[in-house]
Engineer: 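One structure coming up, written as structure tokens, with questions to follow.
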Amino acid sequence: MASSSESAYFTQHEINELQTTYEQGELSKFTTQMEKKLNDIKNAELNIAVTGNSGAGKSTFINAMRGLRGCDEGAAKIGNIETTMEQTPYKHSTFPNVCFWDLPGVGTTKFPMKVYVSRMGFTTYDFFIIISQNRFTENDAKVIEEIKNLGKKFYFLRSQIDNDLNTLEQQGIDFDRMTELAEMKQDISRRLMAAGISDPIIFLISNFSLNEFDFPQLKETLLNNLDGIKKDILLMSLPSTTVKIVEMK
Ligand SMILES: Nc1nc2c(ncn2[C@@H]2O[C@H](COP(=O)(O)OP(=O)(O)O)[C@@H](O)[C@H]2O)c(=O)[nH]1
Ligand SMILES: [Mg+2]
């Protein structure tokens with residue numbers, strides 16, 4: 001839980017006001033105040049940081065979400081070399097309130113994690129997408145630790161699933177696709193829980209097969225539930241005592 005001073009959506013005055021209303025047990029007044037605030041943020045921008053190791057598929061993912069291919073104008077540059085050491089914003093064309101930030105791969109920068117976190121402006125994002133190409137790495141764990149400390153939320157994406165399945169096929173290994181995918185997800189889930197994440201949200205995707213695996217579900221979660229996501233973020237930025245009353249409602 002973010003401390004009140006870190007809240008992106010509430011001023012200290014507003015938090016004090018909500019706290020007082022809560023303490024006085026004025027449920028309906030409290031709800032009205034919250035609803036007003038929720039309306040205010042409906043039009044607010046949603047800044048999503050996309051992070052993970054170099055080559056994981058961050059830039060390709062952002063392009064896919066924006067309906068672009070690497071060769072298209074305005075697309076994020078893809079490839080095997082890290083092209084920039086700065087975070088680069090990419091607005092969604094049909095959802096201009098949504099901005100994806102393409103972050104350089106954690107492992108490619110020379111600076112330690114704490115410096116990466118402050119240079120990339122971790123506190124300014126509403127939530128995070130961590131993309132991993134294969135195994136759960138030490139860098140993934142470090143990033144998760146930082147996100148957790150900020151009291152922010154993340155989705156964990158395992159990309160290039162097409163490659164994984166192709167490799168099994170090429171090796172002549174007999175496997176059941178659904179079982180294989182379920183096991184992969186369970187494995188990631190176990191690792192995330194071991195890293196202290198109680199309810200990890202995981203998607204297995206291929207950036208080249210947008211109608212397969214978990215890509216459709218991910219897109220729906222992100223873009224069709226924008227208001228829900230904003231509501232979650234709003235709640236997460238509140239002190240825990242005031243959240244209790246919202247949950248009660
Ligand atoms: N097969 C496959 N290749 C992918 C996928 N996503 C990205 N790639 C490839 O992986 C390489 C690195 O992708 P890129 O988006 O530049 O990774 P970034 O460094 O994390 O931004 C490129 O050659 C992409 O074409 C995917 O889902 N499946
Ligand atoms: Mg990139």
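Read the numbers this way: they start at 1 and go in the same order the structure lists the ligands and their atoms.
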Engineer: What is the ring orientation for Phe100 with Phe61, classed by angle as parallel under 30°, tilted 30 to 60°, or perpendicular over 60°?
Structural biologist: perpendicular

Engineer: Can you name the atoms of ligand 1, numbered from 1 with element, that are less than 4.0 Å from a heavy atom of Ala56?
Structural biologist: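 Numbered from 1, ligand 1 contributes 17 (O), 20 (O).
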
Engineer: Count the heavy atoms of every other residue, nucleotide or ligand shown that sit under 6.0 Å from CD of Glu86, and state whether that count exceeds 12.
Structural biologist: no

Engineer: In ligand 1, which numbered atoms sit nearer than 4.0 Å to a non-hydrogen atom of Ser54?
Structural biologist: 19 (O)

Engineer: Report yes if Ile205 has an N/O atom closer than 3.5 Å to an N/O atom of ligand 1; otherwise report no.
Structural biologist: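 So ligand 1 has no N or O lying under 3.5 Å from an N or O of Ile205.
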
Engineer: Give a yes or no answer on whether the side chain of Ser209 reaches the backbone of Ser206 with a donor-acceptor pair at less than 3.5 Å.
Structural biologist: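 Not confirmed, Ser209 side chain does not pair with Ser206 backbone.
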
Engineer: Of the choices Ala76, Gly79, Ser59, which has the non-hydrogen atom that lies closest to atom 16 (O) of ligand 1?
Structural biologist: Gly79

Engineer: Asp162 to ligand 1: N or O pair under 3.5 Å?
Structural biologist: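 Yes, at least one N or O pair falls under 3.5 Å.
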
Engineer: Assess Thr60: does it contribute an N, O or S atom lying under 2.8 Å from the Mg ion (ligand 2)?
Structural biologist: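 It does not; every qualifying atom lies at 2.8 Å or beyond.
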
Engineer: Any idea which part of Asn163 is under 4.0 Å from ligand 1, heavy-atom wise: side chain, backbone, both or neither?
Structural biologist: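 The answer is the side chain.
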
Engineer: Identify the two heavy atoms, one from Ser159 and one from Asn207, that lie closest to each other, and give their separation to 0.1 Å.
Structural biologist: CB-ND2, 4.2 Å

Engineer: Go through Tyr155 and Phe127 one step at a time and tell me if the ring-ring contact (aromatic ring centres under 6.0 Å, His included) criterion holds.
Structural biologist: CA-CA 8 Å; Tyr155 295 158; Phe127 76 97; 5.1 Å; yes

Engineer: Would you kindly say whether Thr60 and Asn63 are connected by a side-chain donor-acceptor distance under 3.5 Å?
Structural biologist: no

Engineer: Tell me whether Phe61 has any N or O atom under 3.5 angstrom from an N or O of ligand 1.
Structural biologist: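 No; the residue has no nitrogen or oxygen that sits under 3.5 Å from a nitrogen or oxygen of the ligand.
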
Engineer: Using a 4.0 Å cutoff against the non-hydrogen atoms of Asn53, which atoms of ligand 1 qualify?
Structural biologist: 20 (O)

Engineer: Could you tell me which atoms of ligand 1, counted from 1 in the order shown, lie closer than 4.0 angstrom to a heavy atom of Ser206?
Structural biologist: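 This gives 27 (O) as the contact atoms.
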
Engineer: For Gln33 versus Glu17, what's the shortest heavy-atom pair and its separation?
Structural biologist: NE2-OE1, 4.0 Å

Engineer: I want to know if ligand 1 touches Gln160 in the polar sense, i.e. an N/O pair below 3.5 angstrom.
Structural biologist: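 Between Gln160 and ligand 1 (N or O atoms, distance only) the closest approach is under 3.5 Å.
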
Engineer: Please answer whether the main-chain N or O of Ala56 pairs with a side-chain N or O of Gln160 as donor and acceptor at a distance below 3.5 Å.
Structural biologist: yes

Engineer: Could you check whether any heavy atom of Asp102 sits closer than 4.0 Å to an atom of ligand 1, since that is the contact criterion I want to use?
Structural biologist: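 Asp102 does not count as a contact of ligand 1 under the 4.0 Å cut-off.
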
